[in-house]
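Each remark here refers to the structure printed beneath this line.
For this chain, numbers begin at 1 and follow the sequence in order.
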Amino acid sequence: MFQTTTTFLGHILSKFLMDASFGHAGRAARMEQLWQEFFSDPSQWWDNRFIKKSPKYPDFKHKTRNEGLWMDGLLNPPWVRTKMATMAMGRRQSGGGLSSRVPNSFGNGDNACKLCQEGRLNEALHMVELMVQQDTQVPIIVYVGLMKGFARRKALAEGKRVHALIVQSGIASDIFLGNILVDLYVKCGSVLDAWKVFNAMPEHNVCSWTTIISAYVDHGQYEQAINLFQQMLQTGVAPDKVAFVVVLKACARIAALEEGKQLHSQIIKSGFESDVIVGSVLVDMYAKCSCIEHARQVFNNMHERDVMSWTTMIAGYAQQGLGNEALTLYEQMKQEGVQPVDVTYVLLLKACASIAALEQGKQFHSHIKESGFQSNLIVGNALVDMYAKCGSIEHACQVFNNMHERDVVTWNAMITGYAQQGLGKEALTLFERMKQEGLQPDAVTYVVLLKACASISFLEQGKQLHYQIIRSGFESFLIVGNTLVEMYVRCGKIEDARQVFTNMHERNLVSWTLMIAGYTQQGLGKEALALYEQMKEEGVQPDDVMYVVLLKACASIAALEQGKQLHSLIIRGGFQLHVIIGNTLVDMYAKCWSIKDARQVFNGMHERNVVSWTAMLAGYVQQGLGQEALALYEQMKQEGVQADIATYVVLLKACASISALEQGKQFHSHIIESGFESDLIVGNTLVDMYAKCGSIECAREVFNNMHERDVVSWNAIISGYAQEGLGKEALTLLEGMQREGKKPNEVTYASVLSACSHSGLVEEGCHLFHSMCNDHAVTPTVDHYACMVDLLGRAGCLADAEDFINKMPIQPDAVVWKTLLGAARNRGHVEIGRHAFDQVMRLEPENTGAYVLLSNILSNSWQEV
């Protein structure tokens, strides 16, 4: 665009300067002189008559001086047309000069050119084929017109016919025609044919090289393009600024920073660094190579900057997620009086979206309206995306509905907005509307919709989308396959996820990570590690994210040895310095009951964040080392690390484990000061901590003040009352829970049964157990049966307790029989005690506690005798 504008202005300026430099007579004399030069050596002039886009362009332009000649010029000598006609008629005898470059104004050449101008290319081609058959020389300009016309139409077959005519005419070695032929094949999408023409050319100039390099860039073969540029240099052809621009784009696409830096040095030596287009492309290259400082340095050193220079620098910041820097640069751009264009606004909106700068985005929206860019489709899409990512789905919807034109990108942006806001149903509804309006979804649409289904566990809709994906042919897309795996995993269908994974024609590291993470999340650590072994066999190397997933798999099944092996690989791979890897190693060792190794990793970390400290604290708490956890917290405070919600939850658990009530109250105060008290998990843990520390009044006060309560909240307070033996209060709470519409779960019933047991509420406990089974369809677990045995045993109903065990629909475990053994000890019932002891020994021969209980029964019985 810039080159075309510059060239056009150059021609206007050339004519203007010519008129201003000479008087009328002087101009006439100069014109005659130029025509004489033209006829003496036409090869020094470009013939533009039949390809120029405007009468303002000259018919002939000198190749080096840029001076122009017009056939209808008022100052032309009268002999010019006669001379043209004479030379055109004798072109076949001359075999060169004007006859090879200039068509006969009165012959078939002119007619063919006119047909090309009118867009009647097939008729022109037919005429040229007849001319060649009749051995009539075809002017080069006709071939040029045909090739450019067919290139615009991407008509490969017709282009090959023109190529064949050029070869047949014996002019295929002409470098000018060769360059246009290469360009023709490139624009028709046949890089191979372009390369064959290029390779067959006896000589190449910078235009030849630039055209073929550009072909490889346009077709995504960036490394080959860079290699060709190096070959060009080796042949001694000096690149021009267009060549530098093309190869810089190749470097940008594959982030080839070192090659880009070498090009930068060559650009400086060639004197092109001051060119505004070259400078802008350099900025773009450095930005896409993630060297934003180098990009800014080039930008700052540019002697001239236009709107595209500023836009390119803003784009660099936006692409790197540096939204604030992009907006700051825009303010500087305004101060320098540069007016933004539509692309600038698109990038500024992207910057706003990246940092959720809604108010700034709204201001840009106003500017866009004032500038008349709102009807621009790309700008509209960017507005929808910005509002959606800033969380203003209403504004996004308003822009979307007001757009006169919408493409698949528009719909994707709006669907993504709904999905990101957790509005999966609305996203799916909009998808149906999209189909009703006749738009075909693309791979991005399906990826977004699958993520929406995953976020709200819409398995059936996800399966329907899967079916549509297969029908549409998108299943082979890598990103679609990965998202299908993710959707099935998050919907809890690990078998379906594995089937998709297995059927994928192509898998990358993301595919393996998703599948292994799926197994880990489902608690299938062994399967996760087995899949990792298969991944190694296929030669796929893990990255830091994969190691995190694998360590979590080890932690989930306490696979200490595999965890240690992974630790060794992490050190060899140089990943041990990653703070997230260190945190996960601490967590893995702690969950594998190797607290010493966990502390060693923690101490060796070069960088620690609040997650690191929390992981180590959690490790101590999991091991029942509450005092060590509280001591580590003191060290954490000394190092100036602020606790977050997760840290306080762990610390409260530490206090609960050692009944450290006063310390727990201090943490409660810190929680209030930090504004975390309204968090549901924090509230639940506070209730649990106070209850386990024996302060049921404080637990009830926290419970009553909670703005939100879930089943865990009720279970915590009921368990607290159960521990204090307050059965009636526990039953009252159960009723209150049900009135609030919260459905009790297995834990709830176990806690209330325990409370009834400790309070001697046999009738209430039995009624509750039967209600749980018959009215609420909760299947009793072995814990519930143990509670019932304890309830009956404490009440002295040992025979009923034993009968209850014998009628259990599931196999009683050692805990159930030991509970009966304890009741027999309390009541001195030798016979039932012996029977219970025998059953415990059958299930757990090493259970020493059972020996103690039986010994007490027998001892008491002997004393009575």
Working note: Lys160 + Asp193, criterion side-chain contact (heavy atoms from CB on, under 4.5 Å); need CA distance, chi angles, decisive distance, verdict. CA-CA 9 Å; Lys160 287 188 173 183; Asp193 285 315; 3.3 Å; yes
How long is the span from the [atom1] atom in [X] to the [atom2] atom in [Y], to the nearest 0.5 Å?
{"X": "Cys116", "Y": "Leu125", "atom1": "SG", "atom2": "CG", "result": "9.0 Å"}
{"X": "Met201", "Y": "Leu177", "atom1": "CE", "atom2": "CG", "result": "9.5 Å"}
{"X": "Ser214", "Y": "Lys187", "atom1": "OG", "atom2": "NZ", "result": "9.0 Å"}
{"X": "Ile314", "Y": "Gln319", "atom1": "CD1", "atom2": "CD", "result": "12.0 Å"}
{"X": "Lys350", "Y": "Leu348", "atom1": "NZ", "atom2": "CG", "result": "12.0 Å"}
{"X": "Tyr317", "Y": "Thr312", "atom1": "OH", "atom2": "OG1", "result": "13.0 Å"}

So, for [X] and [Y], which heavy atoms are closest and what is the spacing to 0.1 Å?
{"X": "Ala256", "Y": "Ile226", "answer": "CB-CD1, 4.2 Å"}
{"X": "Thr210", "Y": "Val206", "answer": "OG1-O, 2.7 Å"}
{"X": "Leu349", "Y": "Gly361", "answer": "CD2-O, 4.1 Å"}
{"X": "Phe373", "Y": "Val341", "answer": "CE1-C, 3.9 Å"}
{"X": "Cys251", "Y": "Glu259", "answer": "SG-CB, 4.0 Å"}
{"X": "Arg406", "Y": "Leu377", "answer": "CA-CD1, 4.0 Å"}

Worked check of ring pair (Phe, Tyr, Trp, His ring centres under 6.0 Å) between Phe60 and Trp70: CA-CA 7 Å; Phe60 304 103; Trp70 282 261; over 10 Å; no
Side chains of [X] and [Y], heavy atoms from C-beta outward: is any pair under 4.5 Å?
{"X": "Val128", "Y": "Val142", "result": "yes"}
{"X": "Met313", "Y": "Ile292", "result": "yes"}
{"X": "Leu257", "Y": "His294", "result": "no"}
{"X": "Met131", "Y": "Leu165", "result": "no"}
{"X": "Ile175", "Y": "Asn205", "result": "yes"}
{"X": "Thr328", "Y": "Glu325", "result": "no"}
{"X": "Lys114", "Y": "Arg120", "result": "no"}
{"X": "Asn122", "Y": "Phe150", "result": "yes"}

Is it true that [X] and [Y] have a side-chain N and a carboxylate O under 4.0 angstrom from each other?
{"X": "Arg153", "Y": "Glu158", "result": "no"}
{"X": "Arg161", "Y": "Glu129", "result": "yes"}
{"X": "Arg296", "Y": "Glu293", "result": "no"}

Does Thr344 form a side chain to side chain donor-acceptor pair (under 3.5 Å) with Tyr330? I'd like the steps, not just the answer. CA-CA 9 Å; Thr344 317; Tyr330 168 69; over 6 Å; no
Do the side chain of [X] and the main chain of [Y] share a donor and acceptor less than 3.5 angstrom apart?
{"X": "Asn301", "Y": "Gln297", "result": "yes"}
{"X": "Arg253", "Y": "Gly220", "result": "no"}
{"X": "Asn227", "Y": "Glu223", "result": "yes"}
{"X": "Ser371", "Y": "Ile368", "result": "no"}

With sequence neighbours left out, write down each residue that passes ring-ring contact (aromatic ring centres under 6.0 Å, His included) with Tyr222, or none if nothing qualifies. none
Phe229 and side-chain contact (heavy atoms from CB on, under 4.5 Å): which single residue from Val246, Leu248, Leu263 fits? Leu263
Report the C-alpha separation of Val338 and Asp306 in whole Å, then their side-chain angles, then the decisive distance to 0.1 Å, and conclude whether the side-chain contact (heavy atoms from CB on, under 4.5 Å) test is met. CA-CA 7 Å; Val338 180; Asp306 60 9; over 6 Å; no
Apply side-chain contact (heavy atoms from CB on, under 4.5 Å) to the pair Asn111 and Leu115, showing each step before the final yes or no. CA-CA 6 Å; Asn111 292 334; Leu115 290 172; 5.5 Å; no
Between Gln374 and His365, does any side-chain donor sit less than 3.5 Å from a side-chain acceptor? yes
Is there a donor in the side chain of Tyr143 and an acceptor in the side chain of Ser169, or the other way round, less than 3.5 Å apart? yes
Side chain to side chain donor-acceptor pair (under 3.5 Å) between Thr211 and Asp183: does it pass, once the steps are laid out? CA-CA 6 Å; Thr211 304; Asp183 184 64; 5.5 Å; no
Results of side chain to side chain donor-acceptor pair (under 3.5 Å) for Tyr185 - residues two or more places apart only: His163
For residues 268-286, tabulate all N or O donor-acceptor pairs below 3.5 Å that involve a side-chain atom, not counting sequence neighbours.
| from | atom 1 | to | atom 2 | distance (Å) |
| --- | --- | --- | --- | --- |
| Ser270 | OG | Gln266 | O | 2.8 |
| Glu273 | OE2 | His264 | NE2 | 3.2 |
| Asp275 | OD1 | Lys241 | NZ | 3.0 |
| Asp275 | OD2 | Ile277 | N | 2.9 |
| Asp275 | OD2 | Val278 | N | 3.0 |
| Ser280 | OG | Val276 | O | 2.8 |
| Ser280 | OG | Ser309 | OG | 3.1 |
| Asp284 | OD1 | Lys288 | NZ | 2.6 |
| Asp284 | OD2 | Lys288 | NZ | 3.3 |
| Tyr286 | OH | His264 | ND1 | 2.9 |

Counting heavy atoms not belonging to Ile171, are there more than 12 under 6.0 Å from its CD1? yes
Kindly check if the number of other-residue, nucleotide or ligand heavy atoms within 6.0 Å of NE2 (His367) is above 12? yes
Step-by-step side chain to side chain donor-acceptor pair (under 3.5 Å) determination, Ser208 to Asn179: CA-CA 5 Å; Ser208 319; Asn179 292 343; 2.5 Å; yes
How far apart are the C-alpha atoms of Trp209 and Phe198, what are their side-chain angles, what is the distance that settles it, and do they pass the ring pair (Phe, Tyr, Trp, His ring centres under 6.0 Å) test? CA-CA 8 Å; Trp209 284 100; Phe198 176 83; 4.9 Å; yes
Run Leu228 and Gln231 through side-chain contact (heavy atoms from CB on, under 4.5 Å) and show every step you take. CA-CA 5 Å; Leu228 281 171; Gln231 290 179 34; 4.0 Å; yes
